[in-house]
Amino acid sequence: GAEAALPGGACRARRLYVSFRDVGWHRWVIAPRGFLANYCQGRCALPAPGAPPALNHAVLRALVPGAGPPCCVPARLSPISVLFFDNSDNVVLRHYEDMVVDECGCR
Amino acid sequence: ARAPAPPGPAAALLRALGLHDAPRGAPTPRPVPPVMWRLFRRRDPQEARAGPRRASPGAAVRPCHVEELGVAGNIVRHVPARGARARPAEPAAATGAPCPEWTVVFDLAAVDDAERASLARLELRFAAAVAAAAGPGAGGWELSVALAGDAGAGPGPVLLRRAVRGLELPVRAELPPAACARNASVPRGLRLALALRPGSPAAPAACAALAEASLLLVTVDPRLCHPLARPRR
């Protein structure tokens, strides 16, 4: 389930929830039932107060006509842990890095 | 038995998560061991943020390290023993104890070749009534764990020997992690021969009965430990 990306908004993290039931994994994933993955979407213009952090290169690119706007991408991510049954009915805990977007930036 | 991964985004997500394909059907219902819940809650970022161990939002959990167990790892498995089989002790055993020995098998088929084991902790539970009757005696017990060959073959090298005082509580013993790879074959399984002998020459009042055996296996999958996951200096 994802928050609709409306055109014209500034670059920021949008809500994206991954439900293990929706992908049919709920029979073998014990916990969590899903996780808030989020995603980045929005316009990257010249940095303004309150705007997401931008790389220097992104600022240069925003200044140059014809180079196209910088990209709105994840700037900080966090991990999740998943507890599940495997094919042998063992209980497995796996840790995955970079699964949740905490912050977006212009790059 | 594995179900072929359905094509499309779900298969791509499975591969990204280091899983070849989704388990087929519903798993056999069994309670999740408390240690696994505990590890999950400690590692889950949402739980960790709410807990007192989280100093600040930026103080992330060390990647590829199971802090609670003090070892490197990003995969923890709780593997119950299958086919625990008792066999009579060798009559020529040094103590002469007539108690049985056991062969237990752990299914490690799901462990990928790329994973490196960092911890293999054996947990044994003995039948409560028998454990109480058996009593520790003056010298307690001595647990020995050896790699077991295939049916008919004799026991392999001894992995550990350790003293056990009582049998009322679960007995935990750490095996050399390499044992989990050394005994691997197709289908991959770890076969162990367990023996519990009295620690003193006096025979025990009763033999212990093995009720349950499980293996807590921690491995590192280096493919999931990419450099970006390391904290910045």
Side-chain angles (χ1 to χ4, degrees), chain A residues 1-2 5 12-13 15-40 52-53 55-56 71 73-105 107, chain B residues 1-3 6 9-10 13-14 16-28 30-33 35-37 39-47 49 57-58 60-61 63-66 73-80 82 106-110 214-215 217-218 221 224-226 228-229:
Chain A
R12 66 174 174 86
R15 182 185 162 86
L16 166 63
Y17 184 76
V18 176
S19 161
F20 289 132
R21 176 171 285 277
D22 287 352
V23 290
W25 296 359
H26 57 289
R27 282 192 297 266
W28 53 277
V29 173
I30 302 164
R33 293 181 179 176
F35 68 100
L36 203 54
N38 296 330
Y39 72 104
C40 296
L55 291 182
N56 288 338
C71 300
V73 294
R76 190 162 59 86
L77 297 118
S78 57
I80 65 164
S81 290
V82 181
L83 194 63
F84 62 94
F85 289 107
D86 69 8
N87 267 310
S88 307
D89 284 347
N90 301 324
V91 177
V92 183
L93 175 65
R94 286 185 79 130
H95 192 69
Y96 296 106
E97 300 295 333
D98 301 340
M99 294 290 282
V100 173
V101 173
D102 292 329
E103 193 177 291
C104 300
R107 301 200 164 191
Chain B
R2 288 174 178 270
L13 183 55
L14 275 174
L17 297 179
L19 304 171
H20 297 295
D21 36 35
R24 177 188 292 182
T28 308
R30 72 176 178 103
V32 176
V35 64
M36 297 301 286
W37 276 122
L39 290 170
F40 171 74
R41 292 191 177 113
R42 296 286 277 280
R43 289 205 61 90
D44 182 61
Q46 290 183 355
E47 299 271 354
R49 274 187 202 108
V61 177
C64 298
H65 193 266
V66 185
N74 50 14
I75 305 173
V76 184
R77 289 182 177 86
H78 183 273
V79 186
R82 286 150 215 273
F106 297 101
D107 184 350
L108 303 181
S214 61
L215 184 72
L217 179 66
V218 182
D221 186 339
L224 300 177
C225 295
H226 51 86
L228 290 175

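Only this structure's heavy atoms are used, side chains among them; waters, hydrogens and symmetry mates stay out. These numbers come from a predicted model, not from an experiment. By convention in this document, chain letters (A, B, ...) are assigned in the order of the sequence lines, proteins followed by strands, and residues within each chain are numbered from 1.
Residue contact with chain B, scored on non-hydrogen atoms closer than 4.5 Å, involves the backbone and the side chain of A:Val91 alike. Proximity to chain B involves both the backbone and the side chain of A:Phe85, based on heavy atoms less than 4.5 angstrom apart.
In terms of modelled atom types and a separation under 3.5 Å, the side chain of A:Asn90 and the main chain of B:Asp107 share a donor-acceptor contact. Judged by distance alone, the side chain of B:Arg77 and the main-chain N or O of A:Asp86 form no donor-acceptor pair under 3.5 Å.
Contact between B:Leu224 and A:Glu97 at its shortest, heavy atoms only, is O-CG, 4.1 Å.
Each of B:Asp221, B:Val66, B:Val32, B:Val79 has some count of heavy-atom pairs under 4.5 Å with chain A, and the biggest count is that of B:Val79. If you tally non-hydrogen atom pairs under 4.5 Å between each of A:Leu83, A:Leu77, A:Val23 and chain B, the highest count goes to A:Leu83.
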